[in-house]
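In what follows, a structure is listed as structure tokens, so that the remarks can point back to it.
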Amino acid sequence: MKVFTTKKELQQHLLQIKNAKKSIGFVPTMGALHQGHISLIEQAQQGNDVVVCSIFVNPTQFNDPKDLEKYPRTVDADIAMLEQVNCDVLFNPPVSEIYDDNEQWHLEIGPMEQLLEGKSRPGHYQGVTQVVAKLFNIVNPDTAYFGQKDYQQFSIISKMVELLIMPVKLVMCPIKREADGLAMSSRNIHLTTTDRQHALVLSKTLNWVKENFDIAKISQLTHEAELTIGAEEGVELDYFEIADGKTLLPADGHSSIIVALVAAKVGKTRLIDNVILSR
Ligand code: PAF
């Protein structure tokens, strides 16, 4: 695997690939890689000649400096995992390679970035779109791959690509789960053994909602889900929403895609999860 830390060297390398008419699949990450990320790399390999992964813990998407400081950084282990699956290129830039001092601009994608995660983490999606726009400009991929676990992130990035007419195709890959149902996340590293047990209420409740989706009203499902998660020891529910999969507003009779989205603090760790209920 070729590892680049500067835009210039990465772009020189990618230019040769483009000139050879080879397709580039791109998997942007913040590192602390797990099997969920590896499934994105594998999906990118199936559809492209060359796969580029980036590892960059993006400071502008953290509204809490303590959260940024605490974010797991495991670059050596990440490189070993990427080499194991034959990823072609890693871009691992320092912050100074991506941002100027005091860089202030952001993109306005619309109301969706103020809902749910956006409401709980003000400015989060402005940081995400800022860095993803830059990474797309640097890598210029044919296709980029994101996990369904960050469903709202995928919706917002899709909107950005549509509004800015960016020449990249986006693919959302299914959530990877541990054997007991916990959605894989870089943040799971912070869960204690007890937190880990309590955290299962999230995936179990989402499954229950999916099983009962055809027989119960959305309001009943939401109420029951909130009660179940709220009653779990060590779990502080932030939101549970059955939302329109396109607008992320509460689902109604016109919603063609419906998704149940949850966020909760388990011990000291904030987790998110979701399930798609209908298409
Ligand atoms: O999903 C992530 O890991 C990050 O939000 C992303 C898309 C790499 C942007 O920093």
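Just so it is clear, the model here is predicted, and its values are computed rather than measured. When a ligand or atom number is given, it counts from 1 through the structure's own listing order. Note that these values count all heavy atoms, side chains included, but never hydrogens, waters or copies made by symmetry.
No continuous path of hydrophobic side-chain contacts links Phe62 to Ile156 [ILVMFWY only; heavy atoms under 4.5 Å]. With hydrophobic clusters built from ILVMFWY side chains whose heavy atoms lie under 4.5 angstrom apart, Val139 shares a cluster with Leu107.
Considering both main-chain and side-chain atoms, Gln61 comes within under 3.5 Å of ligand 1 through a nitrogen or oxygen pair. Between Gln153 and ligand 1, at least one N/O pair is under 3.5 Å apart.
Ligand-side atoms of ligand 1 in range of Thr29: 8 (C), range being under 4.0 angstrom from any heavy atom. Residue contact check: Val131 has heavy atoms under 4.0 Å from atoms 9 (C), 10 (O) of ligand 1.
Side-chain contact annotation: Gln130 with His106, donor-acceptor N/O pair under 3.5 Å absent. Judged by distance alone, the side chains of Asp238 and Ser120 do bring a donor and an acceptor atom under 3.5 Å apart.
The proximity of Leu135 to ligand 1, defined as any non-hydrogen pair under 4.0 Å, does not occur for either the backbone or the side chain.
When side chains are defined from C-beta on, Leu261 counts as touching Leu116, because their heavy atoms get closer than 4.5 Å.
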